[in-house]
Amino acid sequence: MFIAFREEVTTVLADALDDRGYPSDDLGIERPPEGFDAVLASSISFGLASEAERPPPQVAGEIADAVDVTDTTYVDGVTTQGPYVNFTPSEAYFEDALAVREDAGELAATGDAVVVEHTSANPTGPVHVGRARNPIIGDAVANLLEYAGNDVERHYYVNDAGRQMALFTWAYERFDETELPDPERDRTEYEMVRYYRRGSEFFESADERAVETAEAEIESILQGLEAGDEATYERVGAVVDAVLGGMKTCLARLPATFDEFVKETRFMRNGDTDEVIDRLKQLDEAVYEEDAWQLDLDGFEKNLVFLRSDDTSLYTTRDLAHHEWKFEEYDRAVTVLGEDHTLQAGQLRETLELLGNDTDQLASVIYSYVDLPDGGMSTRAGTGVDLDDLLDEAIVRARDEVESRLDDRDRDDDLDEADIERIARQVGIGAVRYDIVSKQPTKAITFEWDRALDFEAQSAPYVQYVHARCCGILDGVDAVPAGDVSALTEPESRELLREIARFEGVIDAAATELRPHQVATYTRDLAEAFNAFYRECPVLSVEGELRDARLALVAAARHTMANALDVLGVEAPVSM
RNA sequence: GGGCACGUAGCUUAGCUCGGACUAAAGCGUCGGACUUCUAAUCCGAAUACCGUGGGUUCGAAUCCCACCGUGCUCGCCA
């Protein structure tokens, strides 16, 4: 529908311009404002006016006359309005929209294998809200790329070879549980983080000699990892896996799940990191200063150290090996990163390019952290709101809403306790996700409970409700009829069909630009179109062809909304 | 100080990548309406904006360029 329509417009307009002897490199195709019959329009006449030595509306008329739509399927006609050339849809366009079902928005396979790396938080403790944008945006980006026809793998890159984890391992072995506070929650990462925090405190308060001793032990852990010492891997691995196990449980609540947890030690153990270091040393940009190997990168004010003076690798060194592995295994790699990694991502890209990789296949999605009103969140300091707490509170508040609405509920479908629990969970968690995924990730967010858990506003329940309404209508219908689009004559029906038809275009654009929030914006447009239809066009109380066509339209809307929500990772309730 | 990002109604945002029907679109909040009709977590209406500021490019700028102001991030042999 929309994509084919756009292709037809591109073809016939370019042909028309060629025919009239105008350049056809920029077609000026855009979406007309609301209320126009046209699906797409062109403002090409403005640019050609001076060359043609005639006012834009005349040029528009000339072009419109030259456009030939005899061979098009979806483009029905060409009209002008002032300087604009408008392309209107055929009945086939609406017919296809009416026939949309389970595969709404799924684009043709690209054949590309894409790896989406997201979250990748150091396994030091519970996932907090400051970083919660990462799994939510990352999961949506992965879903989006899947809908856009790619084979997607979701990876969590585990920083298990850094100083932080060495310190954690040391603290875990050094301190006894009896000297720790009770865990905030009965789960491994909450139990484990106490050791990490205790270890961090130790470094702030212990005397110099004790700190030196501890430093030496941490250093020996790092050296052990670097040397490939099996016992050291096991010690660190025990801590990493325990914490990670709990974090996984938390992330699964969103739900954000992963195909693979890729540990950075893997690239130390298999020799890839050493191999990268050898090649880096050969580069013209490589310098050996102050006993450390560095890269003097163009456009970066600071050198990038890739081998410490004690011969150990750094995070970025291992990440280079990691990314070369990604390039071997996948056609494209997308990484969702906090804004504090922007510089590092730039250096990584530049260095990968120097190593002979095609970095066009690498893309980053950058988001800014969620802060508290009085500062940032930190696992080490224990400041911050745990994602678990936010989700719990969201469900509690959603449940209150459900229960308070039970009395004045019109529909007599008698929600039982299981329904109430389901709706509370779908709406509560959906609201948290939707709130985050619907905003541009580069904008800063300050966390406030009431704002994060606002069920009104332009929030998840608003669009979820549309899905529930669709399900309510279709509930007693045995088989959805195919429906005849010619029966749908009201402007509200047509407008809804247009929105449904547009969904694939939204997926296409959002996937290309890696901007899932466009899908969230779309769900609101779709919801508005549906609500207008719902108000004006009764379905079950009419009969014959009209009823069949409207039922088909409701089914098309339902599946479109369900899949749009699926991209966002928000559940689509069958009742609310 | 250098680099990057962000700045749109009282508040929260969309539109900005790729300038064009923008006389700027929504939600919340405020005010006023609509449930004997498929779920009112809905809908309809009113009021609210020098699109951070100043220049520039252009037939045309919220959108592109420059400067400035404000906010955040960043500039480790941390990750």
Side-chain angles (χ1 to χ4, degrees), chain A residues 26 28-30 32-34 36 41-47 49-50 55-56 81-84 86 120-122 159 161-165 264 289-294 299-303 305-310 312 314-316 319 338-344 346 366 368-369 371 376 398 401-402 404-405 408-413 423 427 435 438-440 442-445 451 454-466 468-476 512-513 515 517-518 520-521 524-525 527-528 531-532 534-542 550-551 554 575-576:
Chain A
D26 179 10
I29 293 173
E30 59 192 72
E34 274 175 56
F36 279 78
S42 170
S43 58
I44 184 78
S45 72
F46 287 107
S50 62
Q81 180 153 349
Y84 295 95
N86 291 334
S120 301
N122 287 1
N159 307 146
R163 211 193 131 68
Q164 238 175 354
M165 292 320 298
E264 59 175 340
E289 282 173 16
E290 294 176 42
D291 298 331
W293 279 95
Q294 326 190 0
F300 294 91
E301 52 184 306
K302 278 293 213 180
N303 284 359
V305 174
F306 63 87
L307 191 62
R308 289 192 182 101
S309 49
D310 66 358
T312 56
L314 289 93
Y315 171 82
T316 312
D319 206 20
E339 63 177 338
D340 54 338
H341 287 71
T342 311
L343 181 67
Q344 182 250 323
I366 307 281
S368 41
Y369 288 122
D371 286 326
E401 285 291 324
V402 179
S404 73
R405 286 167 202 275
D408 47 29
R409 205 166 178 281
D410 271 5
R411 192 173 174 82
D412 55 348
D413 55 358
I423 295 166
V427 168
D435 181 55
S438 62
K439 289 170 184 157
Q440 294 209 41
T442 45
K443 300 214 181 197
I445 296 181
R451 187 167 293 162
D454 188 357
F455 296 142
E456 301 190 47
Q458 300 169 319
S459 70
Y462 174 71
V463 291
Q464 287 175 315
Y465 188 58
V466 165
R469 273 183 155 175
C470 290
C471 292
I473 294 170
L474 297 170
D475 204 18
T512 303
E513 297 161 31
R515 287 160 50 138
H517 83 271
Q518 292 177 348
T521 304
R524 286 199 282 269
D525 293 339
E528 269 169 37
N531 284 327
Y534 183 87
R535 184 178 70 245
E536 298 298 330
C537 306
V539 179
L540 299 179
S541 58
V542 297
R550 286 181 177 173
L551 276 173
V554 171
S575 64
M576 278 175 73

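A, B, ... follow the sequence lines: proteins, then strands. Residue 1 opens every chain.
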* Structure fact -> When both distances are under 3.5 Å in a Watson-Crick or G-U wobble arrangement, the nucleotide paired with A25(B) is U13(B)
* Is E264(A) close to D319(A) at the side-chain level, that is, under 4.5 Å between some pair of heavy atoms? -> no
* **H341(A) side-chain N/O to A5(B) phosphate OP1/OP2 under 4.0 Å** => no
* To do: Determine the contact category for S575(A): base if any of its heavy atoms lies under 4.0 Å from a base atom, sugar-phosphate if only primed atoms, P, OP1 or OP2 are that close, otherwise nothing.
  => base
* Is there side-chain contact between N303(A) and E289(A), with heavy atoms separated by less than 4.5 Å? -> yes
* **Rounded distance in Å between the C1' positions of U13(B) and C51(B)** => 13 Å
* Asked: Is there a side-chain polar atom (N or O) of N159(A) under 4.0 Å from OP1 or OP2 of A79(B)?
  -> no
* Asked: In the strands shown, is U71(B) matched to any nucleotide by a Watson-Crick or G-U wobble pair with both distances under 3.5 Å, and which?
  -> A5(B)
* Could you work out the separation of U42(B) and C50(B) based on their C1' atoms and round it to a whole Å? => 36 Å
* **Check: A79(B) base within 3.5 Å donor-acceptor of Q164(A) side chain** => no
* Do the side chain of Q458(A) and the base of U13(B) come within less than 3.5 angstrom through a donor-acceptor pair of N or O atoms? -> no
* Name the nucleic acid region contacted by I423(A), choosing base, sugar-phosphate or nothing; use a 4.0 angstrom heavy-atom cut-off, strictly under. => base
* **C78(B) phosphate, OP1 or OP2, under 4.0 Å from R163(A) side-chain N/O** => no
* **Of the listed nucleotides C78(B), C44(B), A40(B), the one nearest the side chain of R308(A)** => C78(B)
* Within the structure shown, what part of the strands sits under 4.0 Å from A41(A) by heavy-atom distance: base, sugar-phosphate, or nothing? -> base
* **Nucleotide nearest L343(A) (side chain, heavy atoms from C-beta), chosen from C73(B), C75(B), C77(B)** => C75(B)
* Asked: Which nucleotide, A21(B), C78(B), G72(B), lies nearest any side-chain atom of L314(A)?
  -> C78(B)
* Asked: Rounded to the nearest 0.5 Å, what separation is found between the CD1 atom of I423(A) and the CD atom of E401(A)?
  -> 12.5 Å
* Considering just the side-chain nitrogens and oxygens of K302(A), establish if one lies under 4.0 Å of OP1 or OP2 belonging to G76(B). => yes
* Looking for any heavy atom pair under 4.0 Å, which part of the strands does C471(A) touch: base, sugar-phosphate only, or nothing? -> nothing
* To do: Respond yes when some side-chain nitrogen or oxygen of Y534(A) is under 4.0 Å from OP1 or OP2 of A40(B), and no when none is.
  => yes
* Taking the C1' atom of each, how far is G27(B) from U71(B), in whole Å? -> 24 Å
* What is the nucleic acid contact for G338(A), judged by heavy atoms within less than 4.0 Å: base, sugar-phosphate only, or nothing? -> nothing
* Asked: Do N86(A) side-chain and A21(B) base share a donor-acceptor contact under 3.5 Å?
  -> yes
* Taking N and O atoms by type only, does the side chain of E301(A) place a donor or acceptor under 3.5 Å from a partner on the base of G2(B)? -> yes
* When you measure from the side chain of R405(A), which nucleotide among A21(B), A41(B), C38(B) comes out closest? -> A41(B)
* For A9(B) versus G1(B), give the span between their P atoms, rounded off to a whole number of Å. => 27 Å
* When rounded to the nearest 0.5 angstrom, what distance separates CG in L540(A) from CD1 in I473(A)? -> 6.0 Å
* **R524(A) vs A25(B): side-chain N/O to OP1/OP2 distance below 4.0 Å** => no
* Where the side chain of R535(A) is defined as all heavy atoms beyond and including C-beta, which of C43(B), A14(B), C38(B) is the nearest nucleotide? -> C43(B)
* Integer-rounded Å distance: C43(B) P and E528(A) CD -> 7 Å
* Distance-only, no hydrogens or angles: does the R550(A) side chain make a donor-acceptor pair with backbone N or O of P538(A) under 3.5 Å? -> yes
* For atom C1', what is the distance between G15(B) and A25(B), given to the nearest Å? -> 8 Å
* C28(B): syn or anti, with syn meaning chi within 90° of zero? -> anti
* Which heavy-atom pair separates F455(A) from P461(A) by the least distance, and what is that distance? -> O-CG, 3.6 Å
* To do: Could you grab the distance from atom CD of Q464(A) to atom CE of M576(A), nearest 0.5 Å is fine?
  => 5.5 Å
* Which part of the nucleic acid, if any, lies within contact of S541(A), taking any heavy atom under 4.0 Å across all strands shown: a base, the sugar-phosphate backbone alone, or nothing? -> nothing
* To do: Give the minimum heavy-atom separation between S50(A) and G47(A), together with the two atoms involved.
  => OG-O, 4.3 Å
* E536(A) CD to U42(B) C1': how many Å, rounded? -> 13 Å
* Asked: Contact class for V539(A) (heavy atom, under 4.0 Å): base, sugar-phosphate, or nothing?
  -> base
* **Any Q440(A) side-chain N or O less than 4.0 Å from OP1/OP2 of C16(B)** => no
* Asked: Looking across every strand, which nucleic acid part, if any, lies under 4.0 Å from E30(A) by heavy atom: base, sugar-phosphate, or nothing?
  -> base
* Structure fact -> Result for 5'-nearest mapping on RNA chain B, choosing between F36(A) and D310(A), is F36(A)
* Under-3.5 Å donor-acceptor pair between T442(A) side chain and C6(B) base -> no
* Whole angstrom value for the distance that separates C1' of A79(B) from CG of D340(A) -> 9 Å
* **First encountered from the 5' end of RNA chain B, between S43(A) and S309(A)** => S43(A)
* Distance, C1' atom - from C43(B) to C38(B), rounded to whole angstrom -> 15 Å
* **K443(A) vs A5(B): side-chain N/O to OP1/OP2 distance below 4.0 Å** => no
* Asked: What is the nucleic acid contact for V427(A), judged by heavy atoms within less than 4.0 Å: base, sugar-phosphate only, or nothing?
  -> base
* Base, sugar-phosphate alone, or nothing: which one does V402(A) contact when heavy atoms must sit under 4.0 Å apart? -> base
* Protein-nucleotide distance (R515(A), atom CZ; U17(B), atom C1'), rounded to Å -> 6 Å
* Which base, if any, makes a Watson-Crick or G-U wobble pair with C59(B), both distances under 3.5 Å? -> G20(B)
